[in-house]
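All remarks here apply to the structure that follows.
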Amino acid sequence: MNNTDSKKILWNKAAKNGLALGLFTAACRLLSQFLAGSDIPTAGTAVLTGVIWLLQFGGCIWIMKFLMERLVHQYEGVDNRDTARYGRLLALTSSLVFAAAMLFDVIFISPEMAQRQMDLYYQLYGSNMNENTRSALQTIENNYPQILFFSTWIYSWIYGIVLASILSVTIPKKDPFAKFMKQNNQDSGHE
């Protein structure tokens, strides 16, 4: 892949495809959260939530692999280093979209969920907390949306980087005999 054009191509594709991957992940998470937040949790709801989590987990892996393979098929000269770079950029953009969606959720869609979690924590551990612990917990509660955004972004980005590194080893597939076969074909005049 041409080095001067490759950076622009990779960033452009990563931005577009990262948006789609991030929205897919956010949609799965929000659907799972909606089902888990119903007033009467049932065994069916728990199973469905588990299926959605598996769809999210497996779907993210499959989509990233698909996008990396598509890059190889669309451009000539793409090597494993290019797919790794593309995967890292894809991880960055999709994790930003996902973290932004989670921030939007906690601020606008379901702010009461975070409050319920903090109330539950106070009920369970309130009698064991001293004043310093209560003050620290209050600080966390006040900054919960920001903490959620950055922790989700960093976690998702690291997960994406690791996934891209693993996938890029085999994308594009390496043929250990390709050089030998090409030289052999040239020597025999079959090219």
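Note that the coordinates shown come from a computational prediction; the quantities given were computed from them, not determined experimentally.
Using a 4.5 Å heavy-atom cutoff, the side chains of L137 and E141 are not in contact. No side-chain heavy atom of W53 sits under 4.5 Å from any side-chain heavy atom of R29. Residues I147 and I140 have side chains in contact (heavy-atom distance under 4.5 Å, counting atoms from C-beta outward). A heavy-atom distance below 4.5 Å is not found between the side chains of T139 and Y144. Within the 4.5 Å cutoff, side-chain heavy atoms of Y75 are placed close to those of L71. A 4.5 Å side-chain heavy-atom check between M64 and N17 finds every atom pair outside the cut-off.
The two residues C60 and T25 make their nearest non-hydrogen contact at SG-OG1, 3.2 Å. Taking each heavy atom of T49 and S32 in turn, the nearest pair found is CG2-OG, 3.0 Å. Taking each heavy atom of P145 and I107 in turn, the nearest pair found is CB-CG1, 4.1 Å. Listed here is the closest heavy atom pair of P172 and V78: CG-O, 3.4 Å. Across all non-hydrogen atoms, the minimal contact from W157 to R88 is NE1-O, 3.8 Å. Here the shortest heavy-atom pairing between W11 and T93 reads CZ3-CG2, 4.5 Å.
Linking Ile, Leu, Val, Met, Phe, Trp and Tyr residues whenever their side-chain heavy atoms come within less than 4.5 Å places W153 and F104 in a single cluster. Linking ILVMFWY residues whenever their side-chain heavy atoms come closer than 4.5 Å, directly or via other members, leaves V169 and L67 in distinct clusters. One hydrophobic cluster, built from ILVMFWY side chains closer than 4.5 Å, cannot hold both V97 and Y86; they sit in different ones. Both L163 and L54 are members of a single hydrophobic cluster when ILVMFWY side chains are connected at heavy-atom separations under 4.5 Å. Hydrophobic clustering of Ile, Leu, Val, Met, Phe, Trp and Tyr side chains at less than 4.5 Å, counting indirect connections, unites F57 with L21.
The structure places CZ of F98 at 9.5 Å from OH of Y155, a figure rounded to the nearest 0.5 Å. T83 contributes atom OG1, which lies 4.5 Å from atom CE of M68 (distance to the nearest 0.5 angstrom). Interatomic distance, L19 CG to L96 CG, rounded to the nearest 0.5 Å: 11.0 Å. Here the straight-line distance linking atom CE of M113 with atom CD of Q33 works out to 4.0 Å at 0.5 Å rounding.
A donor-acceptor pair is defined here as one N or O able to donate and one able to accept, closer than 3.5 Å; no such pair exists between the side chain of S110 and the backbone of V106. N142 places a side-chain N or O within donor-acceptor distance of the main-chain N or O of Q138, the cut-off being under 3.5 Å. In terms of modelled atom types and a separation under 3.5 Å, the side chain of N80 and the main chain of I171 share a donor-acceptor contact. Between the side chain of T45 and the backbone N or O of L35, no donor-acceptor pair lies under 3.5 Å. At least one donor-acceptor pair under 3.5 Å links the side chain of D82 to the backbone N or O of D79. Looking at N12, its side chain never comes within 3.5 Å of a backbone N or O of K8 through a donor-acceptor pair. Under a 3.5 Å cut-off, the side chain of N143 and the backbone N or O of Q146 do not form any donor-acceptor pair. When atom types are taken as modelled, the side chain of T152 and the backbone of L148 share a donor-acceptor pair closer than 3.5 angstrom. Side chain of S95 to main chain of L92: a donor-acceptor pair is present (N/O by atom type, distance under 3.5 Å, no hydrogens or angles).
For Y159, the OH atom counts as densely surrounded, since its 6.0 Å shell holds more than 12 non-hydrogen atoms of other residues, nucleotides or ligands. The number of heavy-atom neighbours closer than 6.0 Å to NZ of K65, taken from other residues, nucleotides and ligands shown, is 12 or below. Shown here is R81, whose CZ atom has no more than 12 heavy atoms of other residues, nucleotides or ligands within 6.0 Å.
A salt bridge does not link D119 to R116: none of the charged nitrogens lies less than 4.0 Å from a carboxylate oxygen.
Classification of the F66-W62 ring pair by plane angle, with boundaries at 30° and 60°, yields parallel.
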